[in-house]
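Read through the structure below, which is laid out as structure tokens, and then see the notes.
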Amino acid sequence: MMYALYLSAYHERKFWFSNRQELEREITFQGDSAIYYSYYKDMLKAPSFERGVYELTHNNKTVSLKTINAVQQMSLYPELMASVLYQATGSSEIIEPVYFYIGIVFGLQGIYVTALFVTSWLMSGTWLAGMLTVAWFIINRVDTTRIEHSIPLRENWALPYFACQVAALTGYLKSNLNSYGERFCYLLMSASTYTFMMVWEYSHYLLFLQAISLFLLDSFSLEQSDKVHEVYKIYIFSLFLGYLLQFENSALLVSPLLSLVVALMLAKCLQLNVKKGTFVAKIMKVINFYLVCTLTVTLNIIMKMFVPHKENGHMLKFLEVKFGLNMTKNFTMNWLLCQESLQAPSQDFFLRLTQSSLLPFYILVLIICFLSMIQVIFRRINDKSLKETVTLEDGRIGERPEIIYHVIHTILLGSLAMIIEGLKYLWTPYVCMLAAFGVCSPELWMTLFKWLRLRTVHPVLLALILSMAVPTIIGLSLWKEFFPRLMTELMELQEFYDPDTVELMTWIKRQAPVAAVFAGSPQLMGVIKLCTGWMVTSLPLYNDDDLLKRNENIYQIYSKRSAEDIYKILTSYKASYLIVEDAICNEVGTMRGCRVKDLLDIANGHVVCEEGDKLTYSKHGRFCHEVKINYSPYVNYFTRVYWNRSYFVYKINTVISFQS
């Protein structure tokens with residue numbers, strides 16, 4: 001509750017939210033966030049829930065010449081539930097819709113940190129680890145969550161459920177869990193897995209990594225296979241239930257998660273009962289590992305051959321270009337490569353984690369747990385017996401299955417985060433949790449002392465002292481350095497001031513015809529859809545090939561194309577108004593070659609780089625500059641009807657013949 005209230009207070013101070021008009025509040029939702037919130041508004045305006053759902057699933061009022069199932073394509077289940085709760089609880093008489101919406105998201109963030117708190121507590125046995133986890137999470141919130149920048153993002157709805165699932169899985173994997181606790185963890189894990197899969201379209205990829213971690217855990221014989229295979233059943237149940245309730249979403253059937261789980265089930269059926277520890281058993285383990293990998297790839301290929309699905313070709317092409325396997329001049333691919341969130345992490349990221357002491361302790365804990373895990377694996381390979389119950393004096397933290405799962409999972413997530421910075425929001429929260437667990441765990445210190453063969457002081461006593469002293473010192477130092485900063489942020493009244501956008505939206509609502517269709521950058525189109533409800537030609541969504549192609553075509557207004565070419569593109573989408581943004585037209589990019597107009601010139605062949613020299617091949621000037629001058633042929637196609645410092649609005653004329 002405290003964290004949710006903190007987020008609410010910070011949001012109020014950042015945007016001065018309560019003192020703004022509804023239009024100014026809505027402008028704070030930028031890009032794809034504006035689209036999500038606009039559908040929440042549409043649901044509240046609908047005469048009934050059934051009618052609202054029907055209009056969203058057969059939506060032809062958002063994108064021109066296109067009917068979309070917005071619920072399926074944009075995973076709008078959170079908005080559906082929020083609208084139901086708002087109306088069913090009678091909140092309309094108490095709170096405004098926008099406060100109810102962001103309040104739910106902030107509440108989920110409170111559940112998020114609570115789940116991390118519980119996970120760390122379960123692993124270490126002390127609430128002190130949970131407190132340290134939350135402290136590190138909040139201090140490093142720039143790298144742990146994107147809630148400050150974009151509230152309605154799908155990940156802000158989904159990751160709290162994943163955190164609950166991980167907490168339940170951690171408890172479920174514990175060896176000393178009683179039957180009631182095991183049943184509770186299983187039910188919580190089932191519910192949170194299914195909910196996570198429903199609210200985020202990319203959830204099955206994250207669960208795929210989790211399934212790999214459990215597969216490796218099972219391969220190393222570090223936990224009973226029965227428990228791991230019960231988790232696999234949860235995956236299958238969630239996938240098929242999600243497939244049915246997500247309008248037969250074929251992406252779930254061709255997902256690598258389903259292929260891996262089915263392969264694991266088949267491999268288990270084919271396993272022979274061989275006496276453990278024998279040479280034949282070791283060979284069978286290797287064969288089983290190879291069989292699972294081969295079956296997974298084969299099943300995924302077969303599913304894609306027979307199940308009709310929309311292949312995310314742009315994602316595969318992006319990865320090829322990202323890893324240097326291919327070169328392209330394609331605008332969309334190069335634009336994605338230029339996004340900061342899709343590049344490798346910067347040095348500032350590691351510097352911030354180091355300044356809060358998180359990264360050094362995480363590396364220490366990870367090394368100790370990983371080496372202990374390797375030690376246990378070699379003991380099993382050499383047929384050395386292991387104790388059924390590990391005591392503190394044994395100093396073998398690597399024998400605990402829940403610890404090994406988290407080590408493997410954090411290594412997988414960390415490997416991806418080192419390639420794509422945007423994935424740090426999946427990894428960093430579990431860095432906080434693992435580091436806090438380690439410094440608060442006597443077992444980890446005892447494992448280290450066993451390796452060092454400490455003799456001068458009783459190792460158990462020293463481990464107990466350090467497991468309390470080290471987190472206490474860390475906590476006090478964090479309090480002294482970062483608590484004043486957090487309080488300053490809450491006391492400092494910031495301001496979100498964007499009068500040009502407010503004026504543009506006001507003009508559209510007052511002057512534009514109801515049947516008007518607007519064309520412009522996808523980010524601006526999202527805001528127009530939210531604030532005015534008018535139809536647009538494109539949306540800031542990147543999971544649909546047709547929308548990506550639309551975005552590229554509409555962006556041609558910033559290229560060196562003729563007025564006739566631009567006119568043909570816009571009229572092909574039935575656009576009636578064009579909005580040119582001065583910020584894009586006169587963009588001064590910080591990264592070379594990453595400005596929108598530069599990427600368009602490269603894609604159109606108007607700029608060719610040869611040995612460092614740029615050669616221009618275009619007989620036309622840049623459209624966004626030329627159209628402002630008001631000379632022929634531009635005035636034949638476009639009439640300026642509104643402008644301010646940031647935006648120029650042109651009515652697309654109805655012409656009979658083209659003039660050169």
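Everything numeric here is computed off the predicted structure, so don't read it as measured data.
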Exercise. Between Phe196 and Trp157, is a ring pair (Phe, Tyr, Trp, His ring centres under 6.0 Å) present by the stated rule, with each step listed?
Worked result: CA-CA 8 Å; Phe196 175 57; Trp157 288 90; over 10 Å; no

Exercise. Going through the checks in order, is the side-chain contact (heavy atoms from CB on, under 4.5 Å) test met by Thr119 and Leu122?
Worked result: CA-CA 5 Å; Thr119 305; Leu122 283 171; 5.7 Å; no

Taking every non-hydrogen atom, the tightest pair across [X] and [Y]:
X	Y	answer
Ser190	Ser238	O-OG, 4.4 Å
Pro471	Leu132	CB-CD2, 4.1 Å
Leu188	Cys164	CD2-O, 4.3 Å
Ile138	Leu486	CG2-CD1, 4.1 Å
Ile411	Leu366	CG1-CD1, 4.2 Å
Val292	Ala263	O-CB, 3.8 Å

Can you classify the ring geometry of [X] versus [Y] as parallel (below 30°), tilted (30 to 60°) or perpendicular (above 60°)?
X	Y	result
His409	Tyr430	tilted
Tyr172	Tyr186	tilted
Phe361	Trp136	tilted
Tyr202	Trp200	perpendicular
Tyr112	Phe137	perpendicular

For this session: Evaluate the criterion side-chain contact (heavy atoms from CB on, under 4.5 Å) for residue pair Phe106 and Ile147; output intermediate values, then yes/no.
Result: CA-CA 8 Å; Phe106 290 156; Ile147 189 70; 3.9 Å; yes

Measuring from atom [atom1] of [X] to atom [atom2] of [Y], what distance do you get when rounded to the nearest 0.5 angstrom?
X	Y	atom1	atom2	answer
Tyr243	Ser255	OH	OG	12.5 Å
Leu206	Leu159	CG	CG	7.5 Å
Ile368	Leu444	CD1	CG	4.0 Å
Leu216	Ile377	CG	CD1	9.0 Å
Gln165	Leu207	CD	CG	6.0 Å
Leu128	Thr472	CG	OG1	5.5 Å

I want to check something: taking the side chain as every heavy atom from C-beta on, are [X] and [Y] in contact at a cut-off of under 4.5 Å?
X	Y	result
Phe162	Leu426	no
Phe449	Val460	no
Gln210	Leu169	yes
Met123	Ile403	yes
Cys440	Ser467	no
Tyr36	Arg154	yes
Val166	Tyr405	yes
Leu217	Ser213	no

For this session: Evaluate the side-chain contact (heavy atoms from CB on, under 4.5 Å) criterion for residues Leu478 and Ser357: first the C-alpha distance (whole Å), next the side-chain angles of each, then the deciding distance (0.1 Å), finally the verdict.
Result: CA-CA 9 Å; Leu478 293 177; Ser357 71; 4.3 Å; yes

For this session: With Trp445 as reference, evaluate Ile397, Leu464, Val470, Ile465 under the side-chain contact (heavy atoms from CB on, under 4.5 Å) test and give the passing residue.
Result: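 Only one option passes, and that is Val470.
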
Problem set entry | Candidate list Ile302, Ile301, Thr296, test side-chain contact (heavy atoms from CB on, under 4.5 Å), partner Thr298, passing option |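 Of the listed residues Ile302, Ile301, Thr296, the side-chain contact (heavy atoms from CB on, under 4.5 Å) partner of Thr298 is Ile302.
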
Donor-acceptor contact below 3.5 Å, side chain [X] vs main chain [Y]:
X	Y	answer
Ser372	Gly398	yes
Thr294	Leu291	no
Gln73	Asp544	no
Gln109	Leu7	no
Asn156	Ser150	yes

For this session: Show your working on salt bridge (charged side-chain N to carboxylate O under 4.0 Å, His left out) between Lys227 and Glu230 and close with a plain yes or no.
Result: CA-CA 5 Å; Lys227 277 189 175 183; Glu230 286 299 318; over 6 Å; no

Exercise. What's the verdict on side chain to side chain donor-acceptor pair (under 3.5 Å) for Thr170 and Glu402, showing C-alpha distance, side-chain angles and the deciding distance?
Worked result: CA-CA 5 Å; Thr170 302; Glu402 71 273 20; over 6 Å; no

Is it the case that more than 12 heavy atoms not belonging to [X] sit under 6.0 Å from its [atom1] atom?
X	atom1	value
Phe350	CZ	yes
Met265	CE	yes
Trp121	CH2	no
Phe349	CZ	yes
Phe482	CZ	yes
Glu148	CD	yes
Met418	CE	yes
Trp451	CH2	yes

Just by distance, no angles: are the side chains of [X] and [Y] close enough, under 3.5 Å, to form a donor-acceptor pair?
X	Y	value
Asn140	Ser356	yes
Thr133	Ser120	yes
Arg141	Tyr6	yes
Ser75	Glu201	no

Exercise. Hey, is Glu421 close enough to Lys424 for a salt bridge, meaning N to O under 4.0 Å?
Worked result: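 Here Glu421 pairs with Lys424 in a salt bridge, since their nearest N and O are under 4.0 Å apart.
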
Exercise. For Glu182 and Lys174, what are the C-alpha separation, side-chain angles and deciding distance, and is it a salt bridge (charged side-chain N to carboxylate O under 4.0 Å, His left out)?
Worked result: CA-CA 9 Å; Glu182 187 173 306; Lys174 289 177 72 71; over 6 Å; no

For this session: Evaluate the criterion side chain to side chain donor-acceptor pair (under 3.5 Å) for residue pair Tyr3 and Thr114; output intermediate values, then yes/no.
Result: CA-CA 9 Å; Tyr3 180 60; Thr114 302; over 6 Å; no

